[in-house]
Amino acid sequence: MSENASGQIDTVMTEDRLFPPSEEFASKSAIGSMEAYQQLYDEVKADPTAYWDKVAREELHWFKPYDTVLEWNNPLAKWFIGGRTNVSYNCLDAHLDTERRNKAAIIFEGEPGDIRTLTYQQLHREVCKFANVLKGLGVKQGDVVSIYMPMTPELLIAMQACARIGAVHSVIFAGFSAEAIADRNNDASAKIQLTADAAWRRGKQLPLKEVVDEALAKSPTVEKCIVLRRVGNEVSMQEGRDCWWHDLMDEASADCPAEPLDSEAPLFILYTSGSTGKPKGIKHTTAGYILWAKKTFEWVFDYRDEDIFWCTADCGWITGHSYVAYGPLAAGATVMMYEGAPNWPADDRFWDIIERHKVNILYTAPTAIRAFIKWGDGHVDKHDLSSLRLLGTVGEGINPEAWMWYHEKIGGERCPIVDTWWQTETGGIMMSPLPGAIPTKPGSCTKPLPGVIPSIVDEELQEVPQNHGGMLCVAQPWPGMLRGIWGDDERFKEQYWTKVPGKYLTGDNARTDDDGYYWIMGRIDDVINVSGHRLSTIEVESALVSHDTVAEAAAVGRPDEIKGQAIAVFVTIKGDAQPTDELRKELRLHVRKEIGALAQPDDIRFTGALPKTRSGKIMRRLLRDIASGTEQAGQDTSTLEDYSVLAKLRDDEE
Ligand code: WT7
């Protein structure tokens, strides 16, 4: 293990498996070798404005050309200044006089099994009509539209319609509470609310309209509410405020030219959890965002026109914005969209969907992959997954053993895996393998995309050497970067630009290895300090997950008089294992053997499930409180229900 200096993070993990792309895959890829990647990366780095100027002209439609590619007044970047374009035009109209016009834009499957396909022409028509509906209700450019809807085509239609007329959408995942919706509506001064009667979730009805009614009682700026009939349950409609989606659509004209909007016109606000109670509205704008979403989609997923691309994220998260609603459509892709839960009516729903629709690219989250592993291989083995040619992950680090399972069981050892690192704030993928070019290593997001200049620094702001962890920053602006926190410039500066002056601070720790590959080491706030050694959560967790019995693990620090912090881990085990003291001992030894005595956990608690945010991230903050609290170390604690209740309480505060 390396010596700790200046607050660097020690690394205890070694992973030397390497998976080069097959010759066949590489030969069909747009970027088909490490050399080609390196050449492009260097070209963009040497002259970013020249590169983005060329790409923006080629790939976007301009109603009015821009005068200046980039103006960088740290921390504010403006891209393509003076230009006028429209995100919805680039996603829809741009394909209408090409042979893509009759291609499926969306293949939708509802949870009850209803299937709908919308071609680019059909989607365009629906978006135009709904844009006219919004206009008819008085929505103007710059007005904020709050969206709380199930994952159906209408959600995407609503987002695209806002983009078409320059309204700013704020999508709130349809699992949040009335309180959370009201907080967000008030922060953004939302003018219109969109919702549905209910959503399907594991065969049950989630009463969205009921939740919205409660939220609107506390959202004084919202004047109108449009309700989609999805489930058909009884809902109360408030006279003068509430209207049915289908009534308004019946009357709406399908003629709605896309508004020529300023490059820097706000496109959307998306709230992410911050460390304090106030919701943090991340702001993205027009031209830079859509260019980044489109380009990163094409690079990372090596998209071909015949592919069906399935990103399993809900449009309520940034992943669903950039890789369902915008990036793939700008690239003319066919997007698979699924409404419901992965385990309804059975644990094989995803594999069933892939087999029936012949999905080619699957992009999902490590939390889902770990659940699939826990549910057992039988559900996978029942299905023909041979249509898949590429796999992706996003949202958290993936433990190498979960990566191997994904590679073998789902990818049949033939599909490259793109482990994509990025954030709500970055607008699109920042680091990822290019699947035909960059050999992968389980657990590493490998290399930065062209235009991304990472910088890893210690507490003294010095760049750390290879194999040392530090704070991950981005040293240069990129087109998809956030343009601020809605209504809070101070917080924007404070959060991202102050601690490391001149660079964007991501809030994650990372290191590079001998090959210059990047390894994300978890959130800065989650570092565990054992006897002066600063350890990353993911390395301890991955060591645990590499044991046969472990499905999922979370590591946190708790106060310890001697060592400063001791390591407490929360472990869920696979169906056939027993949570015994024997196993506890064995796991401790296993970690010791895998990554060393220093990283050996002091407390091991077995649990039915780990507390997660609604987007599926393990909530280590919450576990830290539990681990340092009054509960006795080492004892079996709490069940699934207890933890998920805690997680929900915490989430709603945010
Ligand atoms: C945080 C951002 C990225 C869109 C969905 C989440 C963690 C994300 C990875 C990855 C390790 C990852 C980071 C990041 N994260 N992807 N491939 N490997 N960690 O967006 O909710 O804004 O979360 O998710 O900690 O900062 P988000």
Side-chain angles (χ1 to χ4, degrees), residues 13 15 171 173 176 268-275 279-284 292-293 296-297 300 311-327 363-370 391-400 402-403 406 417-433 440-449 452 454 469 471-474 480-482 485 495-496 504-511 517-527 536-539 541-542 554 612-621 651 654:
M13 189 165 115
E15 172 59 67
V171 184
F173 174 63
F176 278 110
F268 65 82
I269 314 169
L270 186 57
Y271 286 88
T272 81
S273 46
S275 43
K280 188 168 73 177
I282 303 300
K283 179 171 98 177
H284 284 285
W292 191 246
T296 54
F297 173 77
V300 172
C311 164
T312 66
D314 190 281
C315 282
W317 314 118
I318 189 68
T319 309
H321 281 58
S322 302
Y323 302 108
V324 180
Y326 291 121
Y363 187 33
T364 194
T367 181
I369 296 169
R370 294 187 305 252
L391 303 173
T393 69
V394 60
E396 287 179 291
I398 179 162
N399 311 116
W403 193 102
Y406 199 31
I417 297 179
V418 290
D419 174 349
T420 64
W421 175 84
W422 57 296
Q423 309 177 298
T424 303
E425 291 87 338
T426 68
I429 297 167
M430 299 291 277
M431 296 207 256
S432 167
T440 53
K441 300 183 186 186
S444 168
C445 59
T446 74
K447 296 276 181 176
L449 295 188
V452 176
M471 295 180 280
L472 175 63
C473 302
V474 185
M481 70 196 292
L482 78 166
I485 294 178
Q495 181 112 31
Y496 303 108
Y504 167 75
L505 179 71
T506 67
D508 285 344
N509 286 317
R511 69 175 167 99
Y517 274 46
Y518 285 79
W519 298 77
I520 304 297
M521 302 175 87
R523 302 293 297 168
I524 291 174
D525 297 341
D526 289 340
V527 165
S536 104
T537 49
I538 183 91
E539 295 191 348
E541 291 159 6
S542 292
K612 306 251 176 95
T613 63
R614 284 193 165 80
S615 60
K617 288 192 211 303
I618 298 172
M619 299 184 78
R620 295 184 187 76
R621 238 190 314 154
D651 232 24
E654 284 174 344

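Note that ligands are numbered from 1 as they come in the structure, with each ligand's atoms numbered from 1 the same way. Side chains included, hydrogens not; waters and symmetry mates left out as well; all remaining heavy atoms used.
If you check which protein heavy atom lies closest to atom 15 (N) of ligand 1, you get G395 O, 3.3 Å. Closest protein heavy atom to atom 10 (C) of ligand 1: E396 O, 3.3 Å. Protein heavy atom closest to atom 5 (C) of ligand 1, with residue, atom name and distance, is T319 OG1, 3.3 Å. Among protein heavy atoms, atom 27 (P) of ligand 1 sits closest to T424 OG1, 3.5 Å. Closest protein heavy atom to atom 25 (O) of ligand 1: D508 OD1, 2.8 Å.
Contacts with ligand 1 closer than 4.0 Å are made by side-chain heavy atoms of R523 only, the backbone lying farther away. In I318, the part holding a heavy atom less than 4.0 Å from any atom of ligand 1 is the side chain.
Under the 4.0 angstrom criterion for non-hydrogen atoms, T420 is in contact with ligand 1.
Counting heavy atoms from C-beta outward, R614 and D314 have side chains that stay 4.5 Å or more apart.
Backbone and side-chain nitrogen or oxygen atoms of T272 are examined, and none is located within less than 3.5 angstrom of a nitrogen or oxygen of ligand 1.
E15 approaches P442 most closely through the heavy-atom pair CG-O, 3.5 Å.
Here the shortest heavy-atom distance to atom 2 (C) of ligand 1, taken over W519, W421, W422, W317, belongs to W422. With atom 23 (O) of ligand 1 as the reference point, the heavy atom nearest to it among M521, K617, Q423 is part of K617.
By the 4.0 Å N-to-carboxylate-O rule, R370 lies too far from E541 to be salt-bridged with it.
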